[in-house]
Amino acid sequence: MKTNRRDFIKISSMGAGGIALATTPLLNWIPGMIKSDEKKLDDIEAKRYPNYCEVCFWNCAGWVYTDKNDKIWKIIGNEDDPHSNGRFCPRGTGGVGMYTDNDRLKKPLKRVGEPGNQKFVEISWEEAIETIAKMMKEIKNKYGSESFALFKHGSSGKHFAKLFKAYGSKNIVGPAYAQCKGPREEAFKVTFGHPLHSPEPLDIRDTKCLVLIGSHLGENMHNGQVQEMSDAIDKDATIITVDPRFSTAASKSKYWLPIKPSTDLALLLAWIHIIIKEEFFDKEYVEKNTSGFEQLKEHVKNFTPEWAYGITTIKPDLIINSAYEMAKASPSVIIHPGRHVTWYGDDTQRLRAVAILNALLGSWGRKGGFFIPEKAKLPKYPSPKFPKPKWTWRDVKKGEYPLASTGVTNALVDGSHPAYKGEHPIKAWFVAGTNLIATMPDLNNTVEAINNLEYLVVVDTMPAEITGFADIVLPECTYLERYDDIRVSQHREPNIALRMPAAKPRFDSKPGWWICKKISEQLGLGEFFKFEDYSEVLDWQLKKIGSSLEEMKHLGVKKIGRKFDDLYFAEGEEPEFHTPSGKIELYSSVLESYGFDAMPVYKAHPEPEQGFYRLIYGRTPAHTFSRTTNNPNLMDITKENKLWVNPKVAEEWGLKNGQKIWLKNHMNRVSSFSIKVRITERIRWDSVFMVHGFGRTDKRLTNGFGSGISDTELISDIKIDKETGSTGMRSNFVTFLTEKPTRV
Ligand SMILES: Nc1nc2c(c(=O)[nH]1)N[C@H]1C(S)=C(S)[C@@H](COP(=O)(O)OP(=O)(O)OC[C@H]3O[C@@H](n4cnc5c(=O)[nH]c(N)nc54)[C@H](O)[C@@H]3O)O[C@H]1N2
Ligand SMILES: Nc1nc2c(c(=O)[nH]1)N[C@H]1C(S)=C(S)[C@@H](COP(=O)(O)OP(=O)(O)OC[C@H]3O[C@@H](n4cnc5c(=O)[nH]c(N)nc54)[C@H](O)[C@@H]3O)O[C@H]1N2
Ligand code: SF4
Ligand SMILES: [Mo]
């Protein structure tokens, strides 16, 4: 069936509650927004302020409107923004709910009594800042600054990172690496000499064939990619989706490969086998640009479609036909590298196979494949040199995870745990913008590590679960109420975007930059934050590149022309790749030098026992992790997650649609709450699926508490990717409890 953009958007919105008409733009998905749209701009003397969205890390730029009472009421996309093309996704539109949420943190809090008891008193900012500075001084004197680690995510994390570097700790980590795209970045780096970064330089709008392995665009609402995929569908691109679940993307695909989870590497090797054997690869490109082709050819010679069938359950003709589609489209073909790729512990190797397949089809540097992005450069605001720390996270786990190019969260959790026996224990955490209780797999391990700390400081906008463990909690104001750094992101055309406050911070919340400045002054490090207001920093930087804060307040987004005319490789060009051989390395000399497989090898993964099902998880259009599962606007659209169960399994267990059940995993971890069953053919019988981010356990979250189940509670068996230290999270198996379990 041929589909078009309207159908695609319709189907994505159905997942969000089926409220949209096929012709309504994305921003009208949210009932709350439709209501506020009824007020005409002219009627209310609206003012608009530029911002970029913080509801996810696509960071779309838009305009925030305030009404005559200076209250924020609406956000829309900025037409000049290549991340959003003037349209926000439902979450971005619903971002107003982050501002209006009355459950927000309101005042700095201090724990009273025992660690972990969740009893807090409100304190003044002065007392909070003084107390934190005292803790930081104490840790520095007792163990060295390095023992204080920073866990951060999101835009304000940059200010805290600067504070920590000034203080002498480079133990700065975030979940966007080892729980997200770490293995992908390193696999592409060793193959092409370049990681992908964000937004990924995928030329989806001009592709003829898009292969999605897990990547569930349409539910994963990364705005620009979803829009470009819709465009590609309109232009008759072939979509191939590999997913054990019939995802929104699968429903738009010519081929759906309902793979047995954990076996993707076997499929990829079979595709590589066919592409080489049938001489489907881009011969000139491969000869000119790659090294190791003969070794690869020899390596894959036995990985036939029949071999892969036995492992993946995908029929040989489906494997062959889909390979043929990719070859037909070459070089305008994209084997999507995915984003959340920390699945089974062999993730760097699986992503290597993805990189190799793209290389054989000649898609890197080609139209409809991977374009060459450019990024604007902003000068650094003058600041003294940072002291050199004596050790970093790398020393915590000496010699492990050699490919990790940035901090590994779980390495520092391990370094904080009572079981850690190494030379560099972590003694205190500062957590800014990451809800580690919902985010880090193996919850018990995280809590044991936290209980072993001397101090925990948490900066959040909401009473997220992690704040319940803190000694001091600081309320940050939302992205709609503050300045942050200029968004400088790579794209087809380099561009910058401004975030500025559209309203005064509600309650007694403060911006991250202000918090850091105050702490730095208490620590005698004020030189690192030498400004009164962050707008001074932005104006200084913008003027250095021929713009100004004033100009950006009017534009919101500014495109800065490309320096080089090299979006794609030119005809006859001999590009150089930043790998040891200067070529695309099909055989990786870097991996070999560390003793890892230089070419990917399939190894079997654990399987569920009788009566257990593999727990897989993903996204839903109206939510981002746990950051939205109390948001009044977004909870209106999707208020809980459901458990997708195959009808065969439901029958075997006698489960009914909508029935509430509890889950227990193969390590006896039991869910705190129940979840409703959704019986559907759209999931394989060996797996169950739920959306991540629900099942909130903090009672202060009046909208989100107890709605659905947290996948994290059931993810305790972690398979570490040895190359990068990333946490493979999909080797957990659950069984159903139809009666409420008695709590231990
Ligand atoms: N709406 C929304 N969009 C988001 C986010 C959000 O929170 N909400 N988060 C953003 C972020 S930070 C990220 S990293 C991305 C993540 O989004 P993706 O990178 O797209 O994440 P995946 O883990 O690849 O996708 C989950 C899909 O993998 C399938 N799957 C599970 N196991 C297997 C398997 O063994 N093999 C295969 N082939 N498929 C499998 C699941 O059925 C599900 O459809 O989404 C981004 N976009
Ligand atoms: N089980 C499971 N675990 C996962 C995933 C999964 O799918 N399943 N996905 C993984 C992936 S891909 C990623 S990227 C990570 C995401 O990990 P996180 O970024 O930790 O995800 P959130 O749950 O959204 O937590 C963000 C916290 O920041 C707070 N916050 C929001 N805005 C601000 C702000 O402006 N300032 C401050 N200070 N705080 C703010 C929110 O209230 C929330 O408590 O999770 C990873 N972990
Ligand atoms: S994709 Fe949606 S949630 Fe993410 S930044 Fe853009 S508008 Fe915001
Ligand atoms: Mo992510």
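We count ligands from 1, going down the list as the structure has it; atoms in each ligand are counted the same way. Quick caveat: nothing in here was measured; it's all calculated off a predicted structure.
Nearest to atom 7 (O) of ligand 2 among the protein's heavy atoms is R619 NH1, 2.9 Å. Looking only at protein heavy atoms, the nearest one to atom 3 (N) of ligand 2 is M729 CE, 3.2 Å. In this structure, atom 33 (C) of ligand 2 lies nearest to the protein heavy atom T461 CG2, 3.7 Å. Scanning the protein heavy atoms around atom 11 (C) of ligand 1, the nearest turns out to be H222 CE1, 3.9 Å. Given atom 10 (C) of ligand 2, the protein heavy atom at minimum distance is Q179 O, 3.3 Å.
Considering backbone and side-chain N/O of C180, none are found under 3.5 Å from N/O of ligand 2. In terms of polar-atom proximity, P261 is not counted as a contact of ligand 1, lacking any N or O under 3.5 Å from an N or O of the ligand. Any N or O atom pair closer than 3.5 Å counts here, and S247 shares no such pair with ligand 1. Considering both main-chain and side-chain atoms, F689 never comes within under 3.5 Å of ligand 1 through any nitrogen or oxygen pair. Inclusion of K260 in the set of residues having an N or O under 3.5 Å from an N or O of ligand 1 is not warranted.
Among G174, P463, G433, the residue whose heavy atom sits closest to atom 39 (N) of ligand 2 is G433. With I515, T434, T712 as candidates, the residue nearest to atom 20 (O) of ligand 2 on a non-hydrogen basis is T434. Checking T467, T439, V458, D460 against atom 41 (C) of ligand 2, the nearest heavy atom belongs to D460. Atom 35 (O) of ligand 2 has its nearest heavy-atom neighbour, among M98, E476, R482, in R482. Among F151, F625, Y617, the residue whose heavy atom sits closest to atom 13 (C) of ligand 2 is F625.
Residue contacts with ligand 2 for I715 involve side-chain atoms from C-beta outward but no N, CA, C or O (heavy atoms, distance under 4.0 Å). When heavy-atom distances to ligand 2 are checked against a 4.0 Å cut-off, K181 has no atom that comes that close, whether in backbone or side chain.
The contact set between ligand 2 and S156, taken as ligand atoms under 4.0 Å from a residue heavy atom, comprises 36 (N). Per-residue contacts place H153 under 4.0 angstrom from the following atoms of ligand 2 (heavy atoms of the residue considered): 14 (S), 16 (C), 17 (O), 18 (P), 19 (O). If you number the atoms of ligand 1 from 1 as listed, the ones under 4.0 Å from a heavy atom of H623 come out as 1 (N), 2 (C), 6 (C), 7 (O), 8 (N). Taking a cut-off of under 4.0 Å to the non-hydrogen atoms of A464, the atoms of ligand 2 that pass are 44 (O). Those atoms of ligand 1 that come under 4.0 Å of a heavy atom in R245, given as number and element, are 42 (O), 43 (C), 44 (O). Each of the following atoms of ligand 1 lies closer than 4.0 Å to a heavy atom of T624: 6 (C), 7 (O), 8 (N). Those atoms of ligand 2 that come under 4.0 Å of a heavy atom in M462, given as number and element, are 42 (O).
Cation-pi geometry between R245 and W644 is met: the NZ or CZ atom falls under 6.0 Å from the ring centre, inside 45° of the normal.
Side-chain contact of R487 with S155: a donor-acceptor pair under 3.5 Å is absent, judged by distance alone. When only modelled atom types and interatomic distance are considered, Q179 and T409 share a side-chain donor-acceptor pair under 3.5 Å. With no hydrogens or angles considered, no side-chain donor-acceptor pair links E481 and S509 at under 3.5 Å.
A parallel orientation is assigned to the rings of Y534 and W513, their planes being inclined by less than 30° (bins at 30° and 60°).
Contact between E219 and ligand 1 is present, with at least one heavy atom of the residue lying under 4.0 Å from the ligand. Contact analysis puts W343 in contact with ligand 1, with a non-hydrogen atom separation below 4.0 angstrom. In this structure, H692 does not count as a contact residue of ligand 1, since none of its heavy atoms falls inside 4.0 Å of the ligand. Within the structure, ligand 1 lacks C56 among the residues with a heavy atom less than 4.0 angstrom away.
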(request) Carefully, step by step, assess Y344 and H605 under the rule ring pair (Phe, Tyr, Trp, His ring centres under 6.0 Å). (result) CA-CA 8 Å; Y344 299 106; H605 295 281; 5.5 Å; yes
(message) Evaluate I75 against L480 for side chain to side chain contact (heavy atoms under 4.5 Å, CB included), listing each step before the verdict.
(response) CA-CA 10 Å; I75 310 175; L480 301 167; 3.9 Å; yes
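Qualifying side-chain contact (heavy atoms from CB on, under 4.5 Å) partners for A464, counting only residues two or more places apart in sequence or in other chains: N435, D460, I466, R696.
Of the candidates K181, E185, R339, R339 is the only one forming a side-chain hydrogen bond (donor to acceptor under 3.5 Å, both in side chains) with S198. Considering R482, K510, R506, K106 as possible partners of E476, the one that fulfils the salt bridge (Lys or Arg N to Asp or Glu O under 4.0 Å) test is R482.
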